[in-house]
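Both backbone and side-chain heavy atoms feed into the values below; hydrogens, waters and symmetry mates do not. First the proteins, then the strands, lettered A, B, ... as listed; each starts at 1. Remember, it's a predicted structure, so these values are computed and weren't measured experimentally.
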Protein chains: 2
Amino acid sequence: MAYPVTETDDTASGPCEQGRALIRDVLERIGDKWSVVVICQLGDTTRRFNELRRMSEPITQRMLSATLRGLERDGLVTRTVHDTTPPRVDYALTPRGISLLQVVRDLAGWAGDNAADILDSRTAFDAR
Amino acid sequence: MAYPVTETDDTASGPCEQGRALIRDVLERIGDKWSVVVICQLGDTTRRFNELRRMSEPITQRMLSATLRGLERDGLVTRTVHDTTPPRVDYALTPRGISLLQVVRDLAGWAGDNAADILDSRTAFDAR
DNA sequence: CTGGATCCTCGTAGATACTG
DNA sequence: CAGTATCTACGAGGATCCAG
């Protein structure tokens, strides 16, 4: 494996302790500002560039382009160019991307379950 | 709820489409460089500041301090000050933090399952 | 329509030094 | 031991213009 775990004690078990580098990698993939948004919008069906752009407002062209390229690079989305006029490019999730979508949905579920309480905690904490 | 979903079409269902703001909030919480690391190290037991510092190397004092404060603010960890000499502060996960730990472990699981393939995809993609 | 290229700004993390 | 204060550097992301 190409992931050298650093020098933390690896005696512990569980996926958390197996390698921080792994987790960081995933988080850097989906932790940026737009990847999750795009993945979600690609969840149901294949979509075109400007379609994603409208759905993901206020994303900029630049960032959508960069986000899609990153996702494609990691094998999470496919990019299909139809050589028509006007040009048309379709994006869709790969099986790997769909599996990530599941994880993201769990994450979103946790967020939904705890959002209100977290907001309460924040106001309570800030009231000092 | 305090989360006004923007103007994307909300006809779709599923936790993904329910509110981008929610997901972004969680991702900003755990998506930073150190929160997940700290949460994982707090998974088993309560730990002290410098203990976390050593386990989370190469984190800086400043970032550990800021990370813990953020987690405390969101009600994910507790901070207990023992008024002894030398001073001693213990950190531990709250129930909410533990529930997040579960999600994080799932995420880590996905990362472990797909890390190798993702790396392959990247090299393949970059070979152009 | 689908992007690439460029410039610029603003936040965030790191280094370092100091305090209760 | 457990932090805070300040200063700086770096990089993600936004705005804009240009091209196939």
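- Seen from the ring of B:Phe49, B:Arg53 does not count as a face-on cation partner, given the 6.0 Å and 45° thresholds.
- Comparing D:dC1, D:dG3, C:dG3 by their closest approach to the side chain of B:Asn50 singles out D:dC1.
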Protein-nucleic acid N or O pairs under 3.5 Å, nucleotides 7-9 of chain D:
none

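- The closest side-chain heavy-atom distance from A:Ile30 to B:Leu107 is below 4.5 Å.
- Listed pair A:Arg48 / C:dT2 meets the phosphate criterion, a side-chain N or O lying under 4.0 Å from OP1 or OP2.
- For the pair B:Cys40/A:Arg20, no side-chain contact is recorded, criterion being any heavy-atom separation below 4.5 Å from C-beta on.
- The shortest distance between side-chain heavy atoms of B:Leu71 and B:Leu42 does not fall below 4.5 Å.
- Taking the side chain as every heavy atom from C-beta outward, A:Arg79 and A:Arg69 never approach each other to under 4.5 Å.
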Polar pairs (N or O, both sides) under 3.5 Å between protein and nucleotides 17-20 of chain C?
none

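- The CG-C1' distance, from A:Leu71 to C:dG3, rounds to 16 Å in whole Å.
- Taking atom CG of residue A:Asp83 and atom P of nucleotide C:dC1, one finds them 17 Å apart after rounding to whole Å.
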Before giving the answer on side-chain contact (heavy atoms from CB on, under 4.5 Å), spell out for B:Leu100 and A:Trp110 the whole-Å C-alpha distance, their side-chain angles and the decisive distance to 0.1 Å. CA-CA 7 Å; B:Leu100 176 56; A:Trp110 187 90; 3.4 Å; yes
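- Within the 4.5 Å cutoff, the side chain of A:Lys33 has no heavy atoms near those of the A:Met63 side chain.
- What separates CD of A:Glu57 from C1' of D:dG13 is a distance of 17 Å, to the nearest Å.
- The shortest side-chain heavy-atom distance between B:Arg29 and A:Ile118 does not fall under the 4.5 Å cut-off.
- Looking at heavy-atom distances under 4.0 Å, B:Arg69 makes contact with sugar-phosphate atoms alone, never a base.
- The distance from atom CZ of A:Arg47 to atom C1' of C:dT2 is 18 Å, rounded to the nearest whole Å.
- Counting heavy atoms from C-beta outward, A:Thr46 and A:Thr80 have side chains that stay 4.5 Å or more apart.
- An OP1 or OP2 oxygen of C:dT12 is reached within less than 4.0 angstrom by no side-chain nitrogen or oxygen of B:Trp34.
- Per the geometry, CG belonging to A:Leu64 stands 8 Å off P belonging to C:dG3, to the nearest Å.
- Here the side chains of A:Ser35 and A:Thr67 are in contact, with some heavy-atom distance below 4.5 Å.
- Separating the CG atom of B:Asp32 from the C1' atom of D:dA12 is a distance of 15 Å, rounded to the nearest angstrom.
- Contact annotation: A:Ser65 side-chain N/O to C:dT2 OP1/OP2 distance is not under 4.0 Å.
- Atom pair A:His82:NE2 and D:dG20:C1' shows a separation of 18 Å (rounding to whole Å applied).
- Along DNA chain D, the nucleotide closest to A:Ile59 and the one closest to B:Phe49 are compared, and the more 5′ of them pairs with B:Phe49.
- Residue A:Met63 places its side chain closer to D:dG14 than to any other of D:dG14, C:dT2, C:dG14.
- A:Arg54 places its CZ atom 11 Å from the C1' atom of C:dC1, with the value rounded to the nearest Å.
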